[in-house]
Amino acid sequence: MILEQMNHQHGLISRRQALAAGMTDAQIGWRLRTGQWESVHRGVYRHAVSPETPQSRLLAMCLACDGVASHRSAAALHGIDGYELDRIEVLVPWKRRPMIKGVRLHRTTQMHLAKPIDRDGIPCTGIGRTVLDVAAVVTRKQLDHAIDAVLRQGLQRLSDLYTVLVAHSRQGRTGCGPFRDALDERRGDDMIPLSAWSRMVSDLLTDFGLERPVFEHRVCDPSGELLAQVDLAYPDHRVAIELDSKRWHLNSVSFERDPRRRNALTVIGWTVLTFTWSDYVDRPNQLCNSVAELLAPAGRRAS
């Protein structure tokens with residue numbers, strides 16, 4: 001079991017992993033004294049027959065710091081064009097301050113958003129978070145190349161990258177400004193399908209702690225006649241959410257139809273909230289709070 005784990009980890013294992021697998025301190029010490037294992041960092045060991053590689057050096061740092069590969073190191077692991085394992089960058093929680101030479105540490109208060117995955121046996125940030133992290137340490141030209149590569153290689157969709165941006169910008173962090181500017185240049189307001197945007201807003205609301213809204217909900221009057229089909233809805237609360245965009249709503253038909261639909265819903269007791277793309281990207285907390293206020297029991301609503 002220990003050898004299998006070391007084989008998966010480029011010949012490496014941490015003391016904590018070895019103990020969790022059933023080894024004792026004495027057994028670890030015996031392997032070190034006999035030369036079967038070599039100490040590469042405090043509490044991190046490499047099997048003597050395993051060569052040192054860029055991957056093993058990166059993983060050794062991750063194990064030593066109890067962190068995950070990030071930024072340009074993670075970009076290389078994800079296979080983003082233009083990135084190689086020529087540096088070691090590791091993400092750790094904000095309160096941790098490990099002192100290890102040869103690694104560039106990035107401390108974060110958003111470790112819970114990193115969504116680590118395994119790449120070549122090495123834990124690293126998810127690809128969307130990786131591109132956002134890269135935005136904080138490279139030039140705008142390099143960022144553009146990275147985003148273009150991710151889209152071209154089919155590693156992420158533009159909507160996926162916007163979802164990452166919104167999740168992180170809600171809490172404030174470096175890199176969000178240039179990342180958003182780069183994404184906006186590629187969007188043109190009609191590059192995100194309405195169905196994808198509905199899913200993005202739905203995910204935002206559920207991440208905020210609200211129940212998932214119903215998609216494309218049909219609202220009928222008491223006689224059963226269809227009044228409107230709304231983008232998102234909470235039927236039990238009679239709350240409808242409409243998403244306005246230039247592509248879908250700035251035309252003469254929608255200009256006349258949309259107010260009539262909203263008036264008809266209001267008459268039968270529905271509350272209609274209308275949000276724009278800017279609300280989603282720039283004011284996600286305000287968007288979520290507006291919905292939460294209407295879903296809260298009457299006695300708990302702000303006066």
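Computed from heavy atoms alone, side chains included, the values below leave out hydrogens, waters and symmetry copies.
Residue Y83 is grouped with residue L143 when hydrophobic side chains (ILVMFWY) are merged at heavy-atom distances under 4.5 angstrom, including chains of intermediate members. By the criterion of side-chain heavy atoms lying less than 4.5 angstrom apart, applied directly or through intervening Ile, Leu, Val, Met, Phe, Trp or Tyr residues, V164 is grouped together with V137 in one hydrophobic cluster. No single ILVMFWY cluster, assembled from side-chain heavy atoms under 4.5 Å apart, contains both L77 and V150. Neither V201 nor V272 shares a network with the other; the hydrophobic side chains, linked directly or stepwise wherever heavy atoms of I, L, V, M, F, W or Y lie under 4.5 Å apart, form separate groups for each. Taking hydrophobic clusters as Ile, Leu, Val, Met, Phe, Trp and Tyr residues chained together by side-chain heavy-atom distances below 4.5 Å, F275 shares a cluster with F215.
Between R72 and V134, the closest heavy-atom pair is N-CG2, 4.3 Å. Contact detail for A74 and T130: the closest heavy-atom pair is CB-OG1, 3.5 Å. The two residues I122 and A69 make their nearest non-hydrogen contact at CG2-CB, 4.2 Å. In this structure, L226 and C220 approach most closely via the heavy-atom pair CA-SG, 4.0 Å. Minimum interatomic distance between D231 and S198 (heavy atoms only, all atoms of both residues): CB-OG, 4.1 Å. Residues I88 and M61 approach most closely at CG2-CG, 3.7 Å, considering heavy atoms.
Taking CG of D144 as the start and CG of L183 as the end, the distance is 9.5 Å to the nearest 0.5 Å. For the atom pair CG (L32) and CD (E38), the distance works out to 9.5 Å, reported to the nearest 0.5 Å. To the nearest 0.5 angstrom, L265 atom CG is 7.5 Å from E242 atom CD. If you take OG on S169 and OH on Y162, they are separated by 11.5 Å, rounding to the nearest 0.5 Å. Atoms OH and CH2, on Y234 and W270 in that order, are 12.0 Å from each other to the nearest 0.5 Å. Between the OG1 atom of T53 and the CG atom of L85 there is a distance of 8.5 Å, given to the nearest 0.5 Å.
Side-chain contact check for D203 versus R212: some heavy-atom pair is nearer than 4.5 Å. At a threshold of 4.5 Å between non-hydrogen side-chain atoms, the residues D66 and V92 do not count as touching. Contact of the R262 side chain with the T274 side chain is registered, since non-hydrogen atoms from C-beta on lie closer than 4.5 Å. Considering only heavy atoms from C-beta on, Y45 comes within 4.5 Å of I28 through its side chain. For the pair L161 and F179, the minimum side-chain heavy-atom distance is below 4.5 Å. The shortest side-chain heavy-atom distance between M23 and W30 does not fall under the 4.5 Å cut-off. Residues H10 and D120 form a side-chain contact, since some pair of their non-hydrogen atoms from C-beta on lies under 4.5 Å apart. L12 places none of its side-chain heavy atoms less than 4.5 Å from the side chain of Q17.
In this structure a side-chain-to-backbone donor-acceptor pair under 3.5 Å is missing from Q156 to I127. Between the Q153 side chain and the D81 main chain, a donor and an acceptor come within less than 3.5 Å of each other. Between the side chain of R186 and the main chain of D148, no donor-acceptor pair closer than 3.5 Å is present. With D221 contributing its side chain and S223 its backbone, the two residues share a donor-acceptor pair below 3.5 Å.
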Just do the side chain to side chain donor-acceptor pair (under 3.5 Å) check on D279 and T276 with the steps written out, would you?
CA-CA 5 Å; D279 290 322; T276 65; 3.2 Å; yes

Working for side chain to side chain donor-acceptor pair (under 3.5 Å), residues H71 and R87:
CA-CA 10 Å; H71 295 72; R87 68 186 71 215; over 6 Å; no

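A salt bridge does not link D160 with K115: none of the charged nitrogens is closer than 4.0 Å to a carboxylate oxygen.
There is no side-chain donor-acceptor pair under 3.5 Å between T266 and N263. R129 and T108 share a donor-acceptor pair across their side chains, judged by distance under 3.5 Å alone. No side-chain donor from either of T125 and S70 sits under 3.5 Å from a side-chain acceptor of the other.
The number of heavy-atom neighbours closer than 6.0 Å to CZ of R42, taken from other residues, nucleotides and ligands shown, is 12 or below.
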